Amino acid sequence: MDCWGAFLLCLCFMTSQSETMETSQDPLLWMEKLERMARSRNSTSAHPQGKARKGFRKEESTEPDQKESSLALSLIRGLERSLLNASFGGSNLTLQTPTIQSLVFKLGCSFPGLSLSSASVERDPQAWVSHAMQFPAQLTQDACRNSPRELRLICTYFLTDYFFQNTNSSLLNNYVLGAQLGSGHVSNLKESVNISFRHNQSLEGYTVTCVFWKEGASKHYWGVWSPEGCRTEKPSHSEVLCRCNHLSYFAVLMQLSPAQVPPELLKPLTYITLVGCSVSIVASLLTVLLHFQARKQGDSLTRIHVNLHASVLLLNVAFLLSPVLAVAPASESACAALAAVLHFALLSCFTWMAIEGFNLYLLLGHVYNIYVRRYLLKLCAVGWGVPALLVLSVLVAKNSVYGPYVIPLADSQENGTGFQNTSMCWVRNPWVHSILVMGYSGLTCLFNLVVLVWALRVLHRLRARDKVPSTRACRDSVTVLGLTVLLGTTWILAFFSFDVFLLPQLFLFTTFSSLYGFFLFLWFCSHRCRSEAEVEAEMEAFSSTQTTQ
């Protein structure tokens, strides 16, 4: 009896151990079913799933139908149930297949928080990158408040978006990270769940949005991607941080920024830029030399023009050197220094444009009835000092603002999902670029545009009163064009880089901005060619008009 009892005891033990092993293998079986489903779909597709260039998603030509959608939903639900019911020793369980990774954690009511980081499970290290998830301590509070018990947190990582396809969706790395606490739904967390997606390439030029899979929101599939409850942050050029107040399946939607340059336009735009900047450099340098070579240094108006030419000369030289130094085997500090010089030159150029507008207002509005002591010295302090102070403040606050800046180009040969890069030394911080580049230039252009409209109105009143002949009207048209260039109002084209204006704006803005120094040279020459008597007569006419008003 003792032998038979021992035999039956061993048999029962082996049976129970077999059941435990079978239970622990159930999640792996569900994961293999999902793998087979994805492989069978890829084998019948005209575009088998492969590695997207540089780790970005390739668009698929086909999408699962409703029957496949229902099957995907049932398999994912089966995987979730099996993970919640799996038996294992210890505090966690990890299962893995080629494109799916599942983790289960046993949590108590005294949950202190959890941080997970995972290296790539893809065999090709260039295709996939690491990710991280951070769960707050608040995660288990609501569940433990109702019925204190042991909870299970399951995390499922999909290295394919096949089971979460949505129309016109493009996911970073095809990566989907999922988290679930027990069988309930966790939402409205005060402390956010942080999900970090890292990539081995720069994401500059891409619009990235953190989204979660919203079930039942689509008539054709079992869910759609939604940004509700998630906040998107970019700690670096190759990382996206999602802060969400609930648990679900998360991913990062990617879109090419609308202001991207098609690669087929890069060559003509580069040619226009090189030729235009070179011509402007020669014209600006010649203007400065002619001014210093003259016997008389000229009045304050001429000196203001020369300072504007000097800023344009510095801007064009720094701009032409910027792409060369960005790709040269030089130190990053040299590129950062050139980027700071380029930013300073651009701010100086816009500042002297604003000074031109202010000086024009004084000439026409006050007609030399105002005297400012050391006027030119004060203008130089503003024109050169303010930009220098702004750039130095940025460098003191954070010197990493300047450096190599990657400009991605759309790749039409891969349905717009791939990209090519070109680099230059420039501002890398989006806030600094928005405030001290776009904002600064926008305010300058707006101010000069108002001055230009006001000056043209004064000119129109004068000519209408004097009834000038058609030949003089033609000369006035040239004056209007000269004032438009002098005040830099053509730079407003930079704010029209969207939708149907993109391509025309690219060529118009590149042409006018690169040849800006040459246009200023023509204006300078026209002033030198006009006789002093004609200039004085014209200013007297302006003075009489202002006096009669």
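None of the values given here were measured: they were computed from a predicted structure.
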State which residues pass side-chain contact (heavy atoms from CB on, under 4.5 Å) with Lys378; sequence neighbours excluded, sorted by chain then number. Val372
Tell me every residue that passes ring pair (Phe, Tyr, Trp, His ring centres under 6.0 Å) with His343, counting only those two or more places apart in sequence or in another chain. Tyr402, Trp426
Straight-line distance of Ile492 CD1 to Leu446 CG, nearest 0.5 Å: 7.5 Å
Side chains of Phe358 and Val451 in contact at under 4.5 Å (non-hydrogen atoms): no
What heavy-atom pair brings Cys425 and Ala339 nearest, and what distance separates the two atoms? C-CB, 3.5 Å
Are the aromatic ring centres of Trp213 and Phe250 under 6.0 angstrom apart? no
Sequence-distant partners of Cys242, disulfide (SG to SG under 2.5 Å), two or more places apart: Cys210
Are Ile304 and Ile355 close enough that some pair of their side-chain heavy atoms sits under 4.5 Å apart? yes
List the atom of Cys445, the atom of Gly488, and the distance in Å for their closest heavy-atom pair. SG-O, 4.0 Å
Decide side chain to side chain contact (heavy atoms under 4.5 Å, CB included) for Leu308 and Leu520; before the verdict, give the C-alpha distance in whole Å, the side-chain angles of both, and the deciding distance to 0.1 Å. CA-CA 9 Å; Leu308 178 58; Leu520 287 178; 3.8 Å; yes
By side-chain hydrogen bond (donor to acceptor under 3.5 Å, both in side chains) - contacts of Ser333 (at least two apart): Ser331
Exam field: side chain Ser514 to backbone Thr511, donor-acceptor pair closer than 3.5 Å: yes
How long is the span from the CG atom in Leu290 to the OG1 atom in Thr302, to the nearest 0.5 Å? 12.0 Å
Just by distance, do the side chain of Asp161 and the backbone of Val176 share a donor-acceptor pair under 3.5 Å? no
CD1 of Ile195 to CZ of Arg243, rounded to nearest 0.5 Å, is 10.0 Å
Got a salt bridge between Lys234 and Glu239, using NZ or NE/NH1/NH2 to carboxylate O under 4.0 Å? no
Set of residues satisfying ring pair (Phe, Tyr, Trp, His ring centres under 6.0 Å) with respect to Phe518, sequence neighbours excluded: none
Taking side chain as C-beta onward, heavy atoms only, is Val341 less than 4.5 Å from Leu314? yes
Tightest non-hydrogen contact, residues Phe319 and Pro323, listed as O-CD, 3.0 Å
For residues Trp491 and Phe512, establish whether the separation of their ring centroids is below 6.0 Å. no
With sequence neighbours left out, the residues meeting disulfide (SG to SG under 2.5 Å) with Cys349 are none
Could you list the residues that satisfy ring pair (Phe, Tyr, Trp, His ring centres under 6.0 Å) with Tyr249, not counting sequence neighbours? Phe164
SG on Cys277 to CD1 on Ile272, rounded to 0.5 Å: 11.0 Å
Can you list the residues that meet the side-chain contact (heavy atoms from CB on, under 4.5 Å) rule with Thr270, with sequence neighbours excluded? Leu266, Leu274
Donor-acceptor under 3.5 Å (Ser322 side chain, Ala318 main chain): no
Are Pro268 and Phe507 close enough that some pair of their side-chain heavy atoms sits under 4.5 Å apart? yes
Using only atom types and a distance under 3.5 Å, with no angle test, would you say the side chain of Ser441 pairs donor to acceptor with the backbone of Met438? yes
Check against side chain to side chain contact (heavy atoms under 4.5 Å, CB included), Phe521 and Val279: CA-CA 10 Å; Phe521 173 73; Val279 172; over 6 Å; no
Determine whether Val252 and Val211 satisfy the following criterion, side chain to side chain contact (heavy atoms under 4.5 Å, CB included), listing intermediate values before the conclusion. CA-CA 6 Å; Val252 175; Val211 291; over 6 Å; no
If every non-hydrogen atom of Gly357 is compared with every non-hydrogen atom of Asn448, which pair is closest and at what distance? CA-OD1, 3.7 Å
Working to the nearest 0.5 Å, report the span between CG of Leu315 and OG of Ser280. 9.5 Å
Hey, does Leu320 have a side-chain heavy atom less than 4.5 Å from the side chain of Ser278? yes
Please determine whether side chain to side chain contact (heavy atoms under 4.5 Å, CB included) holds for the pair Leu436 and Val391, giving the CA-CA distance in whole Å, both sets of side-chain angles, and the decisive distance to 0.1 Å. CA-CA 9 Å; Leu436 291 183; Val391 172; over 6 Å; no
Those residues that, when tested against Cys244, pass disulfide (SG to SG under 2.5 Å) (two or more places apart): Cys230
Atom pair CG (Leu321) and CG (Asn316), whose distance is rounded to the nearest 0.5 Å: 11.0 Å
Between Ser284 and Gly517, which heavy-atom pair has the shortest distance, and what is it? OG-CA, 3.8 Å
Taking C-beta and beyond as the side chain, do Leu347 and Leu390 meet within less than 4.5 Å on heavy atoms? yes
For Ser192, what residues pass the side-chain hydrogen bond (donor to acceptor under 3.5 Å, both in side chains) criterion, not counting sequence neighbours? Asn194
If you look at every heavy atom in Met353 and Thr444, which pair is closest and at what distance? CB-CG2, 4.2 Å
Per the side-chain hydrogen bond (donor to acceptor under 3.5 Å, both in side chains) rule, what does the pair list look like for residues 348-360, sequence neighbours excluded? His305-Glu356, Thr351-Tyr440, Asn359-Tyr375
Kindly write out the residues that satisfy side-chain contact (heavy atoms from CB on, under 4.5 Å) with Ser400, not counting sequence neighbours, or none if the list is empty. Lys398, Arg428
Determine, stepwise, if the pair Trp225 / Phe212 fulfils ring-ring contact (aromatic ring centres under 6.0 Å, His included). CA-CA 6 Å; Trp225 291 114; Phe212 81 100; 8.3 Å; no
Ring geometry between Tyr175 and Phe197 (parallel below 30°, tilted from 30 to 60°, perpendicular above 60°): perpendicular
